[in-house]
Amino acid sequence: MQTRRFYTLSGSCPDQVGIISRISGFIAQHNGWILESSYHADDGNDDHGSRYFMRMQVKADSLPFHLAEFRERFAPLAAELSMEWKISDSAVKRRVVLMVSKQEHCLYDLLARWQSKELDIEIPCVISNHDTFKAFVEWHGIPFHHVPISADNKIGAHAEICRIYDEVRGDTMVLARYMQILPPEMCARYPGQMINIHHSFLPSFVGARPYHQAFQRGVKLIGATCHYVTRELDQGPIIEQDVIRIDHSDSVEDMVRYGKDIEKAVLARGLRYHLEDRVLLHANKTVIFR
């Protein structure tokens, strides 16, 4: 990872000849120093034509202007290429709001990575539908918001979550084993900002006690999936996945423990890819520049 300040330019556009030349030429025209670059051409399918994906890191102090002027100068070229794009500054920390219910493993792991600076982010608050981890979160010096959810107050509770997220100027919302279904309106309000983690037994073992169901069926692989939250439950674009192998000697308790370990690792990696703008989205598909 770069330690000096840099801008990350990422985006996608319909594929054509000369995309790299025009974008790198624009940066070179202003004496920009490209530190890292990645590209991918997707052949598309019957519904979507061939598309080009790109990510560049540019040394910030090599350019004669700041981000606002970069956006203004680059916009005409992006329009000519029909490019969906964004640019971010490594000096500006992302503001990540964590959401949790009663399972602690992902929350503990993310707070440890934050405290050790492995995740160089700001955590303006933690939101939970239970008060189980209030003391633990506040011990870290992070505000804790208890927003109970029941069948009678879901609309008001979700509105309160949105209010808190907006008030703290959140950039990303991480469902760190937050065991509530978010309404379609909330998913539409924050597209590409909400990240979830779950075991990868879906759709075979749905509902309660998925590990017990998997144990009864003799499953030999345990996995986890990190994905964006969309209107379709657990069907959002996938950011990261991983699996580990088990065998007949592993108990249900072993499987649950292994599952927690892999959920922590996959969520942390997926969040890092998101924060570093290594995830490019188009038509519910992800391109990941690792």
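To the nearest 0.5 angstrom, Leu281 atom CG is 9.0 Å from Phe53 atom CZ. Once rounded to the nearest 0.5 Å, the distance linking CG of Leu35 with OG of Ser62 reads 7.5 Å. Residue Cys226 holds its SG atom at 9.5 Å from CZ of Arg269, rounded to the nearest 0.5 Å. If you take CD on Glu276 and CG on Leu271, they are separated by 9.5 Å, rounding to the nearest 0.5 Å. For the atom pair CZ (Arg169) and CG (Asp171), the distance works out to 8.5 Å, reported to the nearest 0.5 Å. The CD atom of Gln216 sits 9.5 Å away from the CZ atom of Arg209 when rounded to the nearest 0.5 Å.
In summary, the side chains of His40 and Tyr52 do not present any donor paired with an acceptor at a separation below 3.5 Å, with no hydrogens or angles considered. Donor-acceptor pairing under 3.5 Å is lacking for the side chains of Ser150 and Asp152. Of the N and O atoms on the side chains of Ser128 and His145, not one donor lies less than 3.5 Å from an acceptor on the other residue. A donor atom on one side chain and an acceptor atom on the other are found under 3.5 Å apart for Arg51 and Ser12.
Under the 4.5 Å side-chain contact rule for hydrophobic residues, Val279 and Val287 do not share a cluster. A continuous path of Ile, Leu, Val, Met, Phe, Trp and Tyr side chains, each step under 4.5 Å between heavy atoms, connects Ile197 with Ile121, placing both in one hydrophobic cluster. In this structure, Ile87 is a member of the same hydrophobic cluster as Phe65, with clusters built from ILVMFWY side-chain heavy atoms closer than 4.5 Å. A single hydrophobic cluster is seen to contain both Val252 and Val219, as judged by linkage of ILVMFWY side chains at heavy-atom distances under 4.5 Å, directly or through other members. Transitive grouping of hydrophobic side chains (ILVMFWY, heavy atoms separated by less than 4.5 Å) brings Phe144 and Leu111 into a common cluster.
Using a 4.5 Å heavy-atom threshold, the side chains of Val58 and Phe6 count as separate. Under the 4.5 Å side-chain criterion, counting only non-hydrogen atoms from C-beta, Thr172 is not in contact with Arg95. Contact of the Met194 side chain with the Tyr178 side chain is not registered, since no non-hydrogen atoms from C-beta on lie closer than 4.5 Å. At least one side-chain heavy atom of Arg163 sits under 4.5 Å from a side-chain heavy atom of Glu160. With a 4.5 Å cut-off on side-chain heavy atoms, Tyr7 and Gln57 do not count as touching. Looking at Val229 and Ile195, their side chains never come closer than 4.5 Å, going by heavy atoms from C-beta outward.
Ionic pairing of Asp261 and Arg257 is not present here: no N-O contact between side-chain nitrogen and carboxylate oxygen is shorter than 4.0 angstrom.
At least one donor-acceptor pair under 3.5 Å links the side chain of Arg55 to the backbone N or O of Asp277. Between the side chain of Thr286 and the backbone N or O of Ile238, at least one donor-acceptor pair lies under 3.5 Å. The backbone N or O of Ser88 lies less than 3.5 Å from no partner atom in the side chain of Thr8, so there is not a single donor-acceptor pair. The main-chain N or O of Gly218 is found under 3.5 Å from a side-chain atom of Lys220 such that the two form a donor-acceptor pair. Remark: the backbone N or O of Ala224 is not paired with any side-chain donor or acceptor of Asp242 at under 3.5 angstrom.
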For this session: Evaluate the criterion side-chain contact (heavy atoms from CB on, under 4.5 Å) for residue pair Leu110 and Leu267; output intermediate values, then yes/no.
Result: CA-CA 9 Å; Leu110 291 177; Leu267 179 58; 3.9 Å; yes
Exercise. Could you go step by step and tell me if Glu36 and Arg278 meet the salt bridge (charged side-chain N to carboxylate O under 4.0 Å, His left out) rule?
Worked result: CA-CA 12 Å; Glu36 178 183 308; Arg278 297 184 181 275; 3.3 Å; yes
For this session: Apply side-chain contact (heavy atoms from CB on, under 4.5 Å) to Leu175 and Met173, showing your working.
Result: CA-CA 7 Å; Leu175 279 60; Met173 186 183 299; 4.2 Å; yes
For this session: List the steps, then state whether salt bridge (charged side-chain N to carboxylate O under 4.0 Å, His left out) holds for Arg5 with Asp61.
Result: CA-CA 8 Å; Arg5 184 181 180 186; Asp61 60 11; over 6 Å; no
For this session: Tell me, with the steps shown, if Phe133 and Val126 meet side-chain contact (heavy atoms from CB on, under 4.5 Å).
Result: CA-CA 9 Å; Phe133 304 116; Val126 172; over 6 Å; no
For this session: I would like to know whether His227 and Asp234 meet side-chain contact (heavy atoms from CB on, under 4.5 Å); could you show each step before the answer?
Result: CA-CA 8 Å; His227 65 93; Asp234 292 333; 3.7 Å; yes
For this session: Applying side-chain hydrogen bond (donor to acceptor under 3.5 Å, both in side chains), run through Tyr228 and His274 and close with a yes or a no.
Result: CA-CA 10 Å; Tyr228 288 109; His274 168 80; 2.9 Å; yes
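Across Ser82 and Pro14, no two heavy atoms sit closer than the pair O-CD, 3.5 Å. Closest approach of Ile127 to Cys125, counting heavy atoms only: CG1-SG, 4.1 Å. Across all non-hydrogen atoms, the minimal contact from Glu240 to Arg290 is OE1-NH2, 2.7 Å. When every heavy atom of Ala157 is checked against every heavy atom of Val147, the shortest pair comes out as O-CG1, 3.7 Å. Residue Pro148 comes nearest to Asn153 through the heavy atom pair O-ND2, 3.0 Å, listed as atom of the first residue, atom of the second, then distance. The minimum heavy-atom distance linking Leu280 with Ser10 is given by the pair CD1-CB, 4.1 Å.
Around CD1 of Ile244, the count of heavy atoms belonging to other residues, nucleotides or ligands within 6.0 Å exceeds 12. Atom NE2 of His66 sits in a sparse spot, with 12 or fewer heavy atoms from other residues, nucleotides or ligands closer than 6.0 Å. Under a cut-off of 6.0 angstrom, the local environment of NZ in Lys154 is sparse, with at most 12 non-hydrogen atoms contributed by other residues, nucleotides or ligands. Surrounding CZ of Arg71 are more than 12 heavy atoms belonging to other residues, nucleotides or ligands, all under 6.0 Å away.
A side-chain contact (heavy atoms from CB on, under 4.5 Å) with Met54 is found for exactly one of Trp85, Phe289, Tyr39, namely Tyr39.
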Which pairs of donor and acceptor atoms, one on a side chain in residues 182-193, lie under 3.5 Å apart (sequence neighbours left out)?
{"unit_1": "Arg189", "atom_1": "NH2", "unit_2": "Asp166", "atom_2": "OD2", "d": "2.5"}
{"unit_1": "Tyr190", "atom_1": "OH", "unit_2": "Asp166", "atom_2": "OD1", "d": "2.9"}
{"unit_1": "Tyr190", "atom_1": "OH", "unit_2": "Asp166", "atom_2": "OD2", "d": "3.3"}
{"unit_1": "Gln193", "atom_1": "OE1", "unit_2": "Tyr165", "atom_2": "OH", "d": "2.7"}

Ignoring hydrogens and angles, write down the donor-acceptor pairs under 3.5 Å from the side chains of residues 97-108, residues two or more places apart or on other chains.
{"unit_1": "Ser101", "atom_1": "OG", "unit_2": "Asn129", "atom_2": "OD1", "d": "2.8"}
{"unit_1": "Ser101", "atom_1": "OG", "unit_2": "Met179", "atom_2": "N", "d": "2.9"}
{"unit_1": "His105", "atom_1": "NE2", "unit_2": "Glu263", "atom_2": "OE1", "d": "2.7"}

Donor-acceptor pairs under 3.5 Å, side chain of residues 16-30 to any protein atom, not counting sequence neighbours: which ones?
{"unit_1": "Arg22", "atom_1": "NH2", "unit_2": "Glu80", "atom_2": "OE1", "d": "2.3"}
{"unit_1": "Ser24", "atom_1": "OG", "unit_2": "Ile20", "atom_2": "O", "d": "2.6"}
{"unit_1": "Ser24", "atom_1": "OG", "unit_2": "Ser21", "atom_2": "O", "d": "3.4"}

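Ring-plane geometry between His140 and Phe136 is classed as perpendicular, the angle between the planes exceeding 60 degrees on a 0 to 90 degree scale with a lower cut at 30.
No cation-pi contact links Arg94 to Trp114, judged by a cut-off of 6.0 Å to the six-membered ring centre and 45° from its axis.
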